[in-house]
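Bear in mind the structure is a predicted one, so any value in this text is a computation, not a measurement.
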Amino acid sequence: MSASNSAQIHKNTQRLDQICATVPVIPVLTLDSPEQAIGIGKALVTGGLTVLEITLRSNYGLSAIKQLKKALPEAIIGAGTVLTPEQYDACVEAGADFIVSPGFTAELLHHGSRSAVPLLPGIASVSEAMQAMALGYRRFKLFPAAVVGGVDFLKAIGGPISDLKFCPTGGIKPTNAADYLALNNVMCVGGTWLTPTDAVQQGNWQAIEELAKQTCTLTSS
Ligand code: 3PG
């Protein structure tokens, strides 16, 4: 790792710490239209969840990042499900404040280590964490958290490798979020439960705002 990459990734770690300290939960969103994006985005931010992850799982994802960066200047907008350097660049161009990937390739990690927009790479094992650590990464998404051991995995990895911090996602719900948030190595959690399908289909943004408000009261158990 060159000296400049090492300085950049250190800065990116600090920026991720700031972002993840803002909220207990980052809603993971798949948005299909401008109406949906603004309805859901406004509801979540008004409800107090000011950090959003907009995935590239829908065709509208990239445009939604652009739209909400303009419409909700008080929000921090991340791009999720970023799989390639090309997608990374497109999200930066769209205005994303941070980038999330479900896993990583060497190419993606190298790209993230040179970017001023921080990458939160996904890992699912200790060896993956070690590979990314070799490039300077210290902050990770644990994905799919519940499948790979959840709270037990995080407790176990905190023994041998204590300077890592995680945003676990995948299987986190209101019923188990506090167990994750109680761990020293968890910064915040992510999940899709803030946008239940029926509320989204009915355009019931008020229900989503209420859910966000309840979620903001979540602390460690
Ligand atoms: C993610 O990309 O983080 C997950 O799809 C979130 O998983 P969940 O639907 O179990 O919250």
Side-chain angles (χ1 to χ4, degrees), residues 1-29 41 44-45 49-57 61-62 64-66 68-70 72-124 128-143 145 154 157 161-170 180 184-191:
M1 187 176 31
S2 74
S4 60
N5 283 2
S6 142
Q8 184 63 60
I9 206 147
H10 182 68
K11 260 195 216 158
N12 290 354
T13 298
Q14 289 178 325
R15 178 68 186 132
L16 287 170
D17 283 347
Q18 282 171 351
I19 292 171
C20 294
T22 316
V23 285
V25 179
I26 300 179
V28 177
L29 307 173
L44 291 168
V45 170
L49 294 178
T50 51
V51 183
L52 309 177
E53 177 187 328
I54 300 175
T55 70
L56 298 189
R57 287 175 220 181
L62 198 58
I65 294 170
K66 230 181 258 174
L68 293 191
K69 271 301 290 178
K70 249 199 210 144
L72 303 172
E74 68 278 43
I76 297 171
I77 307 291
T81 321
V82 173
L83 306 179
T84 65
E86 292 70 29
Q87 289 179 327
Y88 199 125
D89 289 342
C91 293
V92 171
E93 178 76 27
D97 296 302
F98 65 104
I99 306 289
V100 187
S101 60
F104 65 77
T105 61
E107 229 187 337
L108 196 63
L109 288 183
H110 280 288
H111 206 71
S113 72
R114 288 190 294 262
S115 175
V117 177
L119 170 65
L120 186 69
I123 62 132
E128 288 173 8
M130 288 169 63
Q131 284 173 50
M133 284 173 74
L135 287 176
Y137 286 88
R138 294 293 182 274
R139 302 294 179 258
F140 300 104
K141 163 175 171 130
L142 176 68
F143 181 78
L154 290 158
I157 196 173
I161 313 180
S162 58
D163 63 336
L164 305 185
K165 292 207 187 301
F166 295 88
C167 170
T169 76
Y180 284 91
N184 285 338
N185 57 359
V186 169
M187 311 179 278
C188 58
V189 300

Straight-line distance of [X] [atom1] to [Y] [atom2], nearest 0.5 Å:
| X | Y | atom1 | atom2 | result |
| --- | --- | --- | --- | --- |
| E107 | E86 | CD | CD | 6.5 Å |
| C188 | L16 | SG | CG | 9.5 Å |
| L135 | R114 | CG | CZ | 10.0 Å |
| M130 | L164 | CE | CG | 10.5 Å |
| I26 | T169 | CD1 | OG1 | 9.5 Å |
| L109 | Q131 | CG | CD | 8.0 Å |

Measure across [X] and [Y] and return the closest heavy-atom pair with its distance rounded to 0.1 Å.
| X | Y | answer |
| --- | --- | --- |
| A79 | I65 | CB-CD1, 3.6 Å |
| V25 | P27 | O-CD, 3.5 Å |
| G103 | L108 | O-CD2, 4.3 Å |
| A129 | I123 | CB-CD1, 3.7 Å |
| V45 | A75 | CG2-CB, 3.8 Å |
| A124 | L142 | CA-CD1, 4.3 Å |

Within a strict 4.5 Å, meaning less than it, do heavy atoms of the [X] and [Y] side chains meet?
| X | Y | result |
| --- | --- | --- |
| T81 | V28 | no |
| L83 | P102 | yes |
| L44 | L29 | yes |
| L120 | E53 | no |
| F143 | S101 | no |
| T50 | I76 | no |

Evaluate M133 against I161 for side chain to side chain contact (heavy atoms under 4.5 Å, CB included), listing each step before the verdict.
CA-CA 10 Å; M133 284 173 74; I161 313 180; 3.6 Å; yes
According to salt bridge (charged side-chain N to carboxylate O under 4.0 Å, His left out), who are the partners of [X], at least two apart in sequence or on a separate chain?
| X | answer |
| --- | --- |
| K165 | none |
| R138 | D163 |
| D17 | R139 |

Do side-chain atoms of Y180 reach the backbone of V189 as a donor and acceptor pair under 3.5 angstrom?
no
In sequence, state the C-alpha distance, the side-chain angles, and the governing distance for L119 and N12, and then conclude on side chain to side chain contact (heavy atoms under 4.5 Å, CB included).
CA-CA 8 Å; L119 170 65; N12 290 354; over 6 Å; no
If you look only at pairs with a residue in residues 89-123, which of them pass as a ring-ring contact (aromatic ring centres under 6.0 Å, His included), with sequence neighbours excluded?
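For residues 89-123: Y88-H111.
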Please, which pairs that meet salt bridge (charged side-chain N to carboxylate O under 4.0 Å, His left out) have at least one residue in residues 92-102, sequence neighbours excluded?
K69-D97
Residue list, side chain to side chain contact (heavy atoms under 4.5 Å, CB included) with N185, at least two apart or on another chain:
L154, I157, F166, L183
Enclosure of Q14 CD (heavy-atom neighbours >12, cutoff 6.0 Å):
yes
